[in-house]
Amino acid sequence: MTDDANAPWLIVGLGNPGPEYAGNRHNIGFMVVDLLAERIGGKFKRAQKAQAQIVEGRLGPVGPANRRVVLAKPMSYMNLSGGPVTALRDFYKVPTAHVLAVHDELDIDYATLRLKLGGGDNGHNGLKSMTKAMGPDYHRVRCGIGRPPGRMQVADFVLKDFSSTERKELDWFVDRSADAVECLVTEGLERAQSAYNS
């Protein structure tokens with residue numbers, strides 16, 4: 001697989017399947033790819049070759065910056081995300097550098113974004129599974145959710161819905177995260193970092 005400018009991008013929203021998880025902090029990745037699917041007018045369908053739901057389409061302005069993308073939501077639960085992502089990467093012949101994970105990030109304040117290529121998993125089970133399956137050299141859009149209050153366990157915090165205060169900003173945050181994904185894919189990491197890293 002060559003890192004070819006014309007190769008498609010695989011944009012993976014990390015989350016857990018099922019209605020009981022839909023509003024959880026851990027599922028912000030799903031929320032962002034849902035919005036991207038809406039923007040390109042696609043509906044998620046079951047992937048043939050992987051335990052995932054996908055939408056295929058094009059992202060970005062008409063012209064040379066327009067990119068072929070596969071939006072994906074692994075249906076395997078967070079800690080097994082690597083299997084479906086690798087299967088999709090191989091099936092669509094996507095270079096690892098064209099894989100982009102959208103995920104919640106505890107060490108960043110709520111509604112703050114950081115974009116990067118490669119790095120550690122910071123204890124995030126979805127990233128841990130992806131890195132184990134294909135190495136660390138994929139892009140990340142890290143959506144800040146902040147740390148748990150008081151003595152609340154991390155696992156309880158990420159599997160809770162956003163608070164009523166957080167929900168006031170959630171639509172804006174998901175929209176901005178989707179813009180950041182689009183910018184990274186169409187204009188490159190440096191441009192996206194300078195526009196969206198806060």
Looking at [X], I want to see if its [atom1] is surrounded by more than 12 non-hydrogen atoms of other residues, nucleotides or ligands under 6.0 Å.
X: K49; atom1: NZ; answer: no
X: Q153; atom1: CD; answer: no
X: K43; atom1: NZ; answer: no

Output the distance between atom [atom1] ([X]) and atom [atom2] ([Y]), rounded to the nearest 0.5 Å.
X: R140; Y: L189; atom1: CZ; atom2: CG; value: 11.5 Å
X: M75; Y: I54; atom1: CE; atom2: CD1; value: 11.5 Å
X: L159; Y: R25; atom1: CG; atom2: CZ; value: 10.0 Å
X: N24; Y: D104; atom1: CG; atom2: CG; value: 9.5 Å
X: M78; Y: M130; atom1: CE; atom2: CE; value: 11.0 Å

Notebook entry, point to check: Can you say whether the rings of Y21 and Y77 are parallel (under 30°), tilted (30 to 60°) or perpendicular (over 60°)?
Noted result: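 Rings of Y21 and Y77: perpendicular, over 60°.
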Query raised in the report: Checking side-chain contact (heavy atoms from CB on, under 4.5 Å) for the pair H103/I145: CA distance, chi angles, key distance, verdict?
Result: CA-CA 10 Å; H103 64 92; I145 59 167; over 6 Å; no
**Q.** Residue pairs, two or more places apart or on separate chains, that pass salt bridge (charged side-chain N to carboxylate O under 4.0 Å, His left out) and touch residues 58-80
**A.**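 For residues 58-80, and leaving out neighbouring residues, the salt bridge (charged side-chain N to carboxylate O under 4.0 Å, His left out) pairs sorted by first residue read D34-K73.
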- Query: Can you list every ring-ring contact (aromatic ring centres under 6.0 Å, His included) pair that touches residues 23-70, not counting sequence neighbours?
  - Reply: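 Counting only pairs at least two positions apart or across chains, the ring-ring contact (aromatic ring centres under 6.0 Å, His included) contacts touching residues 23-70 are H26-H124.
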Next on the checklist: Can you see whether Y92 engages E56 through a side-chain donor-acceptor pair at a distance of less than 3.5 angstrom?
Outcome noted: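 Yes.
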Any side-chain donor-acceptor pair under 3.5 Å between S177 and Y196?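 Absent: no donor and acceptor within the cut-off.
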Between L36 and V102, does a side-chain contact (heavy atoms from CB on, under 4.5 Å) hold up when you go through it step by step?
CA-CA 12 Å; L36 287 165; V102 186; 5.7 Å; no
Main chain of A97, side chain of H139: is a donor-acceptor contact present, judged purely on distance under 3.5 Å?
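Judged by distance alone, yes, a pair lies under 3.5 Å.
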*Does K128 offer a backbone N or O that forms a donor-acceptor pair with the side chain of T131 under 3.5 Å?*
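A pair under 3.5 Å: no.
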Worksheet item: I28 versus F173: any side-chain heavy-atom pair under 4.5 Å?
Response: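 I28 reaches F173 side chain to side chain.
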Applying side chain to side chain contact (heavy atoms under 4.5 Å, CB included) between I11 and each of L184, V99, V185, V32, report the one that passes.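 Answer after filtering L184, V99, V185, V32: V185.
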Exercise. Verify side-chain contact (heavy atoms from CB on, under 4.5 Å) between N27 and N16, making sure each step is shown before the conclusion.
Key: CA-CA 6 Å; N27 270 42; N16 286 307; 3.9 Å; yes
With sequence neighbours left out, write down each residue that passes salt bridge (charged side-chain N to carboxylate O under 4.0 Å, His left out) with D107, or none if nothing qualifies.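 With sequence neighbours excluded, D107 shows a salt bridge (charged side-chain N to carboxylate O under 4.0 Å, His left out) to R147, given in chain and number order.
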Checklist entry - Between D175 and R39, does at least one N-O distance fall below 4.0 Å, as a salt bridge requires? => result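 Answer for the salt bridge query: yes.
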